[in-house]
Amino acid sequence: MLAPWHSLSSRVLDSGTSPFETANGKDVWSYAEKNPGHSKLIDEAMACEDRVAVFDGIKSLVDFGGSNGTVLAMLVKAFPWIHGIHFDLPYVVAVAAKVDGVENIGDMFECVPKAGAAFLMVSNENFGSFGSAPQYTTKPTILRTEAIPEDKGERWWKKIKREQLDFVRLILDMVMMAHTNKGKERTLKEWKYVLGEAGFTRFNVEPIHQFIGNLNLSLLEMTYCSYIMELQQRLCPSRFRFGVFQVFKERSTEMGDIKVRGKKEDEDEKAEVDIWNYVFGYVKLAVVKCAIELGIADAINEHGSPMTLSQLTTTLKCQPSRLYRIMRFLVHYQIFKEEPITKDSIGFALTPLSCRLSRHGERSMAAMILLQSSPVTLATWHSLSARVLGSGNSPFETAHGKDVWSYAEENPGHSKLIDEAMACDARVAVRATIEGCPQVFDGIKSLVDVGGGNGTALSMLVKAFPWIHGIDFDLPRVVAVAPKVDGIEYVGGDMFECVPKADAAFFMWVLHDWGNEDCIQILKKCREAIPQDKGKVIIVESVLEEDENDKLEFVGLMLDMVMMTYTNKGKERTLKEWKYVLGEAGFTRIDVKPIHAVQSVIEAYI
Ligand SMILES: C[S@@+](CC[C@H](N)C(=O)[O-])C[C@H]1O[C@@H](n2cnc3c(N)ncnc32)[C@H](O)[C@@H]1O
């Protein structure tokens with residue numbers, strides 16, 4: 001499911017097939033047909049979703065795209081007078097659990113079984129507009145998550161931002177763009193269009209305003225028809241009636257059973273919302289990567305003022321409706337903002353966050369995002385649990401057959417991506433170091449940056465402290481391509497064997513790549529390289545568990561997971577762990593200074 005996201009920007013540029021097809025050679029349903037394991041995963045995932053919604057009040061019910069039949073099984077159990085017809089593609093229906101009271105048949109593009117009502121949940125968004133397709137002209141449709149109040153024109157999302165689950169709808173829209181050919185989440189205007197084209201001229205939508213919100217959960221459990229689309233008059237002689245109501249956990253049918261809200265309910269309610277952040281955790285990363293690849297922030301920056309959708313579409317040569325959906329998503333997350341351009345037009349403007357998506361500039365984090373979202377990096381995460389079980393190599397080696405540095409040596413493109421990503425962080429962390437504790441560099445005439453990458457950190461340091469002679473020390477292939485800067489000497493070598501001599505050794509985001517024994521060996525080489533009386537090492541790395549109020553503490557914890565996945569024995573360290581490795585390497589005195597960055601500055605003296 002991650003592979004399609006790499007071609008989201010191509011999709012917005014309208015070059016090629018859907019991202020899912022680009023990644024997997026066929027559309028999602030054909031792929032599922034040929035891959036029963038994936039088909040089962042889809043069915044089970046849909047079943048999780050199914051458990052929170054139930055349909056009631058009808059004698060016979062056809063469930064369109066009913067997946068593995070979880071909904072119908074729940075319905076016929078809860079309402080035994082319902083005769084259920086489970087309707088899906090033949091290969092899905094073939095492996096669906098057989099349930100008393102449910103008939104299994106399928107392919108909604110061919111024919112639709114007759115029933116007293118039709119139920120369609122999380123299914124229509126998979127397909128494009130019905131258009132004039134004759135097979136849809138008499139089909140009833142019920143939709144659960146998609147209704148959006150209309151009054152509101154194109155920027156409806158602003159009006160409903162308060163609803164806690166709005167973000168899920170917007171995320172699902174991105175999932176539809178990546179995983180289906182023409183699927184999308186729809187505004188009411190768009191629903192009116194497809195329903196109208198299919199022959200439904202009158203309908204009413206009642207959104208679930210308190211899908212999760214402030215209502216008591218039990219009350220929600222009992223609320224009938226919190227969301228209704230009435231299409232019945234127009235649908236067919238048997239007068240379809242549609243209702244969907246939400247059921248959370250234990251269902252209750254007695255009106256008197258309204259519980260007093262407690263901590264557990266609050267936590268449960270929060271969990272109902274929060275879980276979606278994990279279900280679709282990768283979507284934000286994928287959309288932001290898409291925005292970088294398209295150069296949205298760069299285009300607005302070059303334009304010098306907010307740009308309308310049509311200006312952006314022309315400049316970036318994108319498919320307009322897809323770019324619109326991407327921008328809708330990014331505005332929702334306040335990555336871009338809307339600003340009036342004239343009395344009648346609105347444009348997209350930069351925010352501090354989108355400035356960081358620009359490929360240029362002091363604050364750019366674009367390369368870091370491109371590294372973390374690259375196929376090479378993402379592939380490593382699939383074996384994290386195996387790593388925790390202690391079975392096998394590091395996830396990076398499992399995915400790519402060699403450790404990260406050997407892989408980078410053979411893949412200059414990935415090596416460049418690592419160097420550029422590190423430079424993003426260096427610009428932030430070194431600025432924070434220079435501003436937060438300049439005294440650390442007092443009296444230092446020469447400084448060796450061990451594992452200095454492309455020299456970004458060192459070039460900032462020698463600029464801020466021009467009396468320092470800098471030595472950028474890294475693997476030979478890395479220093480060979482580093483841009484050369486006055487005042488810096490470039491030395492290729494292996495820090496496990498020898499470190500160039502200097503008054504002080506500087507490390508930034510190097511020691512966390514290595515296990516304790518390796519760190520001790522590297523630090524011993526540094527001890528040999530610096531003056532024994534007043535020499536020191538300066539380490540710019542995370543110190544975990546020092547300040548629970550630190551807003552960036554979570555980054556340290558995430559980096560620790562990155563280290564577990566990306567390296568053999570690397571880890572982020574607590575102060576106790578830093579004291580241990582430094583002590584074992586012969587450094588007896590250490591001083592830690594927090595800075596405005598993920599890292600702290602650790603000074604260690606012999
Ligand atoms: C995570 S990067 C940090 C780069 C830089 N310090 C920064 O923060 O921008 C780790 C660096 O260690 C370098 N490195 C890995 N093994 C090395 C070795 N044996 N000797 C010297 N440098 C090494 C890598 O090439 C890479 O540039």
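In each ligand, atom 1 is the first atom listed, and ligand 1 is the first ligand listed.
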Would you say ligand 1 has an N or O under 3.5 Å from any N or O of [X]?
X    : value
A423 : no
D494 : yes
M495 : yes
V450 : no

Exercise for the section: Fit a plane to each ring of F280 and W276, take the angle between them on a 0 to 90° scale, and name the class: parallel (under 30°), tilted (30 to 60°) or perpendicular (over 60°). Expected result: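 Rings of F280 and W276: parallel, under 30°.
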Ring center gap for [X] and [Y] short of 6.0 angstrom:
X    : Y    : result
H512 : W578 : no
W514 : F496 : yes
F441 : F465 : yes

Handout entry: Protein residue, atom and distance nearest to atom 18 (C) of ligand 1, heavy-atom basis
Key =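 For atom 18 (C) of ligand 1, the nearest protein heavy atom comes out as L475 CD2, 3.5 Å.
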Handout entry: Distance from atom 3 (C) of ligand 1 to nearest protein heavy atom, with residue and atom
Key =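 Result: W509 O, 3.4 Å.
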Winner among [options] once heavy atoms are compared against [atom]:
atom                   : options                : value
atom 9 (O) of ligand 1 : Q599, M563, H512, M422 : M422
atom 6 (N) of ligand 1 : G493, G451, G453       : G451
atom 8 (O) of ligand 1 : R427, E541, M508, E497 : M508

Problem - Contacts of R527 that satisfy salt bridge (Lys or Arg N to Asp or Glu O under 4.0 Å) - sequence neighbours left out - result: none
Handout entry: Contact with ligand 1 for S415, non-hydrogen, under 4.0 angstrom
Key =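 S415: no contact with ligand 1 (<4.0 Å).
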Problem - D474 near ligand 1 by a heavy-atom separation under 4.0 Å - result: yes
Exercise for the section: Show which atoms of ligand 1 fall inside a sub-4.0 Å distance from at least one heavy-atom site of D513. Expected result: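 Ligand 1 atoms under the 4.0 Å threshold to D513: 1 (C), 10 (C).
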Practice task
Salt-bridge test for E420 and K416: reply yes if a basic N is under 4.0 Å from a carboxylate O, no otherwise.
Solution key: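 Yes.
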Backbone, side chain, both or neither: what part of [X] comes under 4.0 angstrom of ligand 1, heavy atoms only?
X    : answer
V478 : side chain
W514 : side chain
F507 : neither

Problem - Residues which pass ring-ring contact (aromatic ring centres under 6.0 Å, His included) with F396, listed by chain and number, not counting sequence neighbours - result: H400, Y407, Y566
Exercise for the section: Please check if any side-chain donor atom of R573 sits under 3.5 Å from a side-chain acceptor atom of N516, or the reverse. Expected result: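 Yes, because at least one side-chain N or O of R573 sits under 3.5 Å from a partner of the opposite role on N516.
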Problem - Over all atoms of both residues, closest heavy-atom pair of T456 and R427 - result: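 Closest approach of T456 to R427: CG2-CG, 4.0 Å.
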Problem - Pi-cation contact, Y490 with K484 (under 6.0 Å, within 45°) - result: yes
